[in-house]
2 protein chains.
Amino acid sequence: MKGTPVTLKDIAKQLGITVATVSRALKGYPDISPQTKQAVIELAEKLHYRPNPIALNLRKNHSNIIGVIIPEIVHNFFSTVISGIMDVADAAGYSVIICQTNESYTQEVKEAGVLLGSRVDGLLISLSNETKQFDHLEEFMRLNTPIVLFDKICDELNTSKITVDDYEGAFTAIEHLILQGYQRIAIIKGHAYNSMERFRGYKAALEKYGMPILDELVFEGAKLHYEEGIAFAKQMMSMPQPPDAVLTVADWLAVGLLVGVKQCGKKVPQDMAIIGFNDWQVATALEPPLTSVYQPGFEMGQLAAKTLMAEIEANEKNQPYEPINQVLKTKLIIRESSSAKKEAVLN
Amino acid sequence: MKGTPVTLKDIAKQLGITVATVSRALKGYPDISPQTKQAVIELAEKLHYRPNPIALNLRKNHSNIIGVIIPEIVHNFFSTVISGIMDVADAAGYSVIICQTNESYTQEVKEAGVLLGSRVDGLLISLSNETKQFDHLEEFMRLNTPIVLFDKICDELNTSKITVDDYEGAFTAIEHLILQGYQRIAIIKGHAYNSMERFRGYKAALEKYGMPILDELVFEGAKLHYEEGIAFAKQMMSMPQPPDAVLTVADWLAVGLLVGVKQCGKKVPQDMAIIGFNDWQVATALEPPLTSVYQPGFEMGQLAAKTLMAEIEANEKNQPYEPINQVLKTKLIIRESSSAKKEAVLN
DNA sequence: CTGAAAGCGCTAACAC
DNA sequence: GTGTTAGCGCTTTCAG
């Protein structure tokens, strides 16, 4: 019942020659008679012959597959990154196996095990928020399987890393708000590495302009999602002196915040300017459209994949390679009215 | 340089026994002395032994990988479907290789070739808009590799198919608008199979209530994206008698339409009610929140993967299987004010 | 209870 | 120019 794929043996048998000859003919080796070559190629085509990659991989001891581990696939940023990864992997003849952790350390360990078992040639990973230990990744290094960390990285591992310049992204955003006249600029931060960087940028910008860093304006988010944004809006609006601007660190958190502010009967940006690290299309479609820090996801995916491939190649040639550390620039996309000049304050 | 993974041979050598014995010990075969078994298992653990799946696959002639082809991964619906697919694939011990076509037939053929070459055990595919021929898929069938079509399907192939009930989704949406008092209900449709079904639902609902189907209210979209939505809004608003409600067939088209209507200085839903086939979170965050036809992407992914796996299993046991045809129900999510009663007309 | 050997599909070193 | 052989890592008869 099972359709048997055509093998070299089949071709050899039909032509009364050996598999070795067939293999050579198909691979265009020099020492082969034109007639045999011709016959082999024709029959191969006729039978829809396709080399079995599994056999090939067994021999060469590599799989032509790279593994990708991300926290969540239903997420604009990550799916964009994956798109970039697939773009270069495809061109290089690699397939991509994707796993998601749902921000769970346990799940991450499990998926790493699966990929290790699959003998992927390399691993691209964006760490889950929970991940504080790295034994599961060190196993890859022991087997000399290159790893490239992207976006959610850590300092503990000596591998290549690709990140977005969150520090500068936040700095620029806050500076923009300051120059527009906002005075009580809040930040909603998380616990991940990226959040720390953004917080650093936040502090640096305020310091540059001699503005105080007030504890009451620094909010700690947990889930950083839509519902939490709404909750934060209400919390802020009930403060004696609410912030007049907020930098958020996640897509849907910003959207929730906007919705929440409006639910409180307040106006954006007159009562509160909001800047998000956002999916541009969502940010554009909102009322008012949100100013946001654009993160180059596609480019990050491409770069991460390119880096990984270079390391895989070096590996196969037994050449050493140095882990690199690339930081991609963000772009502040200012949308009309979303963080316009705060007239009242300036007058 | 290359870290050599531990093989059965390594264990056998160190223990002075043969690979066969090691293999049996590891697999818990009965006929094995407790001491040997013990020793083997301990050493295996100590050396971090992992069976090489490639060798295993070569032997069993399957890859434990399923292929997924979709038009686009940066897309809420499709990434949700993938999430559902991975959910069940993961639990069943399968890995998932994802390819995107960007709605290009040529790319689809190419990716199908890659997956065929990779000897995936099964294929899940949502066809590109351009696809009118199916030779690339028939090759899978020739090799008895099960295929399950989902979302973007076709009639030409005798495989299992999972779809959303677009007909009923559109019917319910239009009926809702009619019952709210809307009179000039437009539709923006595309060329894909799904659009036809939605158009059928549109017509059926109008007919049920004795309302005419007017050519001027049926719009043909091409790209069905944000920008096109804005353009349609302007076009509609400049009509002598603009529609008072619209059913759109794509996520961002609806969002663009909403933005466009507002840019024309009109109000939603007073001047025009909009219903989209939408990502719920986007629809909620808009002003006003859009009513939308919810499509169960995660469930679709799960069901498609389950179906495929059942067919793979049947295949391996040389059991025949019948292609199934599953249709998932949509859900009309009505959001306050987005398609509220049209008072003016009712009075 | 365990070893020897064949074979999954393919390649490459070595013959002739 | 082409056949022979060995081997990638593993499982599975068949012997003993």
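From a predicted model like this one, the values you see are computed outputs, not experimental measurements. We use all heavy atoms of the structure for the numbers below, so side chains are in, but hydrogens, waters and symmetry mates are not. Residue numbers start from 1 in every chain, and the chains themselves are labelled A, B, ... in the order their sequence lines are given, proteins ahead of strands.
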- Item | Within residues 46-59 of chain A: residues closer than 4.0 Å to DNA chain C (heavy atoms) | A:Tyr49, A:Pro51, A:Asn52, A:Ala55, A:Arg59
- Task: Measure the shortest side-chain to side-chain distance between A:Ile70 and A:His75 over non-hydrogen atoms and say whether it is less than 4.5 angstrom.
- Result: no
- Given axes from five pairs at either end, by how many degrees does the helix from C:dC1-D:dG16 to C:dC16-D:dG1 bend, rounded to 10°? 60°
- Message: At a heavy-atom distance below 4.0 Å, which nucleotide of DNA chain D is the first touched by chain A, and which is the last?
- Response: D:dG1 to D:dG9
- Query: Which comes earlier along DNA chain D counting from the 5' end, the contact point of A:Arg119 or that of A:Pro34, where each point is its nearest nucleotide?
  - Reply: A:Pro34
Sequence neighbours left out, cut at 3.5 Å: what donor-acceptor pairs do the side chains of residues 87-100 of chain B make with other protein atoms?
residue  : atom : partner  : partner atom : Å
B:Asp87  : OD2  : B:Gln302 : NE2          : 2.8
B:Asp90  : OD2  : A:Lys110 : NZ           : 2.9
B:Gln100 : OE1  : B:Ile73  : N            : 3.0
B:Gln100 : NE2  : A:Ser83  : OG           : 2.8

- At a 4.0 Å cut-off to heavy atoms of chain A, the contacted part of DNA chain C spans C:dC8 to C:dA13
- Task: Could you verify whether a donor N or O on one side chain and an acceptor N or O on the other, from A:Ser160 and A:Glu311, lie under 3.5 Å apart?
- Result: yes
- Give B:Lys27 one of three labels, base, sugar-phosphate or nothing, depending on what nucleic acid heavy atoms sit under 4.0 Å from its own. sugar-phosphate
- 5'-most contact on DNA chain C: B:Gly16 or B:Lys60, nearest heavy atom basis? B:Gly16
- When we call it a touch if two heavy atoms are under 4.0 Å apart, what does B:Thr7 touch: a base, just sugar-phosphate, or nothing? sugar-phosphate
Can you give me every donor-acceptor pair (side chain of residues 11-31 of chain B, partner residue at least two apart or in another chain, under 3.5 Å) with its distance?
residue : atom : partner : partner atom : Å
B:Thr18 : OG1  : B:Thr21 : OG1          : 3.2

